[in-house]
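Presented below is the structure to which this report refers.
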2 protein chains.
Amino acid sequence: MTKAEIPNTILGEASSQFAAQGYSAVSMRDIAKQLGMTPANLYYHFKDKEDLVRSSLAYVFEGKMCMLDDIVARYDDPLKRLEMVITWFSTLLFEDEIFSRLLYRELLENDDARMKFLSNEVFQGPFSLLVQIIGDCVQTEDPALLVVSVVSLIIGHVQIAKVFKHLKENKPEYNQPEMLTRHVMEAILRLAKPVDAGRTA
Amino acid sequence: MTKAEIPNTILGEASSQFAAQGYSAVSMRDIAKQLGMTPANLYYHFKDKEDLVRSSLAYVFEGKMCMLDDIVARYDDPLKRLEMVITWFSTLLFEDEIFSRLLYRELLENDDARMKFLSNEVFQGPFSLLVQIIGDCVQTEDPALLVVSVVSLIIGHVQIAKVFKHLKENKPEYNQPEMLTRHVMEAILRLAKPVDAGRTA
DNA sequence: GTCTATATTCAGATAGAC
DNA sequence: GTCTATCTGAATATAGAC
């Protein structure tokens with residue numbers, strides 16, 4: 001997928017603009033302008049706009065998910081490992097606007113072909129890994145369902161934070177990855193039974 | 001906000017297309033065409049495209065949230081009431097593509113002015129109501145946080161279902177409002193302590 | 001209230017020079 | 001690899017007839 005160096009510069013700018021404004025709201029001209037190029041040059045590197053969109057998605061999503069493997073490799077203790085994964089994901093969603101917005105956009109657009117591609121090529125691995133990681137920490141009938149709930153909690157809290165901050169019930173400390181991590185870890189331990197306390201302490 | 005009858009027809013079509021494809025991907029031509037009108041006529045009813053977008057949002061969101069009040073009025077038992085609210089919201093998100101997609105779009109766009117408007121005018125009421133409804137069922141330090149978690153679970157599950165259905169861990173019965181309601185109700189009772197079992201039985 | 005006709009701007013995309 | 005120049009179509013929006 002890595003075509004060279006110039007394309008990567010283009011992909012960086014393109015993904016940033018696509019994330020911020022949406023695919024159809026961003027023109028080839030907009031991207032070219034920010035890069036100090038002419039639109040024509042973009043067509044030298046990418047077949048058409050759709051090609052640029054797909055390449056941008058791949059560029060952003062690939063190379064994020066692999067961080068999961070690093071965390072798994074670095075932490076032996078299951079609970080600590082789970083906590084680090086949740087911290088990583090919360091922080092990613094809170095702080096990486098490009099990743100998170102592109103993710104939300106894909107969830108929204110719900111283009112079936114692209115969804116299937118992303119599910120198979122990007123999300124299946126991390127999801128199964130998460131099922132295993134969480135299965136090492138707690139006992140539950142349906143680990144996959146628990147993982148969906150955990151991911152829901154994280155994604156949901158981050159998204160809803162945007163509304164919540166305008167509500168009178170808001171507390172500023174809610175909108176922080178650390179708080180969210182603590183909250184989600186607590187939730188997991190309430191939703192399922194900790195496994196083999198000796199190993200996880 | 002109700003301008004007459006023709007505008008409502010326009011708003012219905014516009015909100016449908018905006019929900020499906022996004023504001024900038026839908027042209028005045030597209031909307032007019034589907035209505036069997038010319039674009040020019042749209043400009044008779046709405047000042048410009050932005051006016052049509054905002055009016056469409058108001059048209060869809062207003063009149064959805066008021067259903068909450070109906071539920072509260074209809075059910076006395078706190079637990080039953082909570083369950084009906086969750087069922088209503090799950091079903092709304094699963095089945096009303098226009099409402100749900102416009103909601104996701106607003107959460108994504110995160111336009112601060114529009115967000116503040118929506119928070120104050122649309123979401124504050126239902127949110128506070130939910131805090132009260134859930135507070136009647138369970139005891140918890142921070143009811144608002146629990147409500148955010150519950151809403152997160154619902155929104156998250158519905159969104160993630162789109163990915164999940166392509167994963168090998170999927171089970172078809174997951175993608176149903178009834179299942180989600182049961183799951184969320186169970187989660188609430190695990191996350192917080194039921195209050196005064198006598199009243200809620 | 002809806003149309004035709006049109007002004008204007010901007011989009012995606014290509015050919016061909018350098 | 002990047003440009004100039006340009007084609008073609010489509011967008012928003014308006015004026016003015018019916």
Side-chain angles (χ1 to χ4, degrees), chain A residues 1-60 98 101-102 105-106 108-109 111 113-114 117, chain B residues 1-60 101-102 105-106 108-109 111 113-114:
Chain A
M1 219 44 74
T2 327
K3 300 183 180 185
E5 287 153 10
I6 299 130
N8 273 357
T9 321
I10 297 175
L11 289 173
E13 180 58 33
S15 56
S16 162
Q17 291 200 31
F18 286 143
Q21 303 179 249
Y23 311 124
S24 60
V26 173
S27 67
M28 299 297 268
R29 282 172 159 76
D30 293 332
I31 297 164
K33 190 174 191 178
Q34 199 64 29
L35 289 164
M37 291 174 178
T38 56
N41 196 28
L42 294 180
Y43 286 92
Y44 173 79
H45 294 283
F46 300 92
K47 184 181 159 290
D48 53 21
K49 192 183 182 182
E50 182 63 21
D51 183 27
L52 181 53
V53 169
R54 285 173 186 270
S55 302
S56 299
L57 276 178
Y59 172 78
V60 170
I98 294 178
R101 290 175 68 91
L102 287 181
R105 256 180 223 294
E106 288 308 298
L108 173 59
E109 307 263 331
D111 177 288
R114 211 154 64 195
F117 166 78
Chain B
M1 218 41 76
T2 325
K3 300 183 180 185
E5 286 153 11
I6 298 129
N8 274 358
T9 321
I10 296 174
L11 289 173
E13 180 58 32
S15 56
S16 162
Q17 291 200 31
F18 286 143
Q21 303 179 249
Y23 312 122
S24 59
V26 173
S27 68
M28 300 297 267
R29 280 171 161 74
D30 295 330
I31 297 163
K33 190 174 191 176
Q34 199 64 29
L35 289 164
M37 293 174 178
T38 55
N41 197 28
L42 294 179
Y43 286 92
Y44 173 80
H45 294 283
F46 300 93
K47 185 180 158 293
D48 53 20
K49 192 184 181 181
E50 180 63 21
D51 184 27
L52 180 55
V53 169
R54 285 174 186 270
S55 301
S56 300
L57 276 178
Y59 172 78
V60 171
R101 291 174 67 90
L102 287 181
R105 254 179 226 294
E106 288 309 298
L108 172 59
E109 306 265 330
D111 177 290
R114 213 153 64 193

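Numbered from 1 within each chain, the chains take letters A, B, ... in sequence-line order. The shown structure was predicted, so the numbers you read here are calculated from the model rather than taken from an experiment.
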Give the rounded distance in Å between these two atoms: CD1 of B:I31 and C1' of D:dA13. 14 Å
List the atom of A:T9, the atom of A:L35, and the distance in Å for their closest heavy-atom pair. O-CD2, 3.9 Å
Using side chain to side chain contact (heavy atoms under 4.5 Å, CB included), reason through A:L57 and A:F18 one step at a time and then give a plain yes or no. CA-CA 9 Å; A:L57 276 178; A:F18 286 143; over 6 Å; no
A:M37 CE - D:dG1 C1' separation (whole Å): 9 Å
For the residue pair B:T38 / B:N41, report whether a side-chain donor-acceptor contact shorter than 3.5 Å exists. no
Examine D:dT2: is either OP1 or OP2 under 4.0 Å from a nitrogen or oxygen in the side chain of A:Y44? Give yes or no. no
Sub-3.5 Å donor-acceptor pair from the side chain of A:R29 to the main-chain atoms of A:P39, do we have one? no
Would you say the side chain of A:M37 lies within less than 4.5 Å of the side chain of A:I6, judging by non-hydrogen atoms? yes
So does B:S27 get a backbone contact from the side chain of B:D30, meaning a donor-acceptor N/O pair under 3.5 Å? yes
CD1 of A:I6 versus C1' of D:dT2: gap in Å, rounded? 10 Å
Spacing of B:H45 atom NE2 relative to D:dA13 atom C1', expressed in whole Å: 16 Å
Would you mind building the protein contact string for nucleotides 7-18 of chain C? One character per nucleotide, 5' to 3', B for base within reach (heavy atoms under 4.0 Å), S for sugar-phosphate only, - for untouched. ----BBBBB---
Does a nitrogen or oxygen in the side chain of A:T38 sit under 4.0 Å from OP1 or OP2 of D:dT2? no
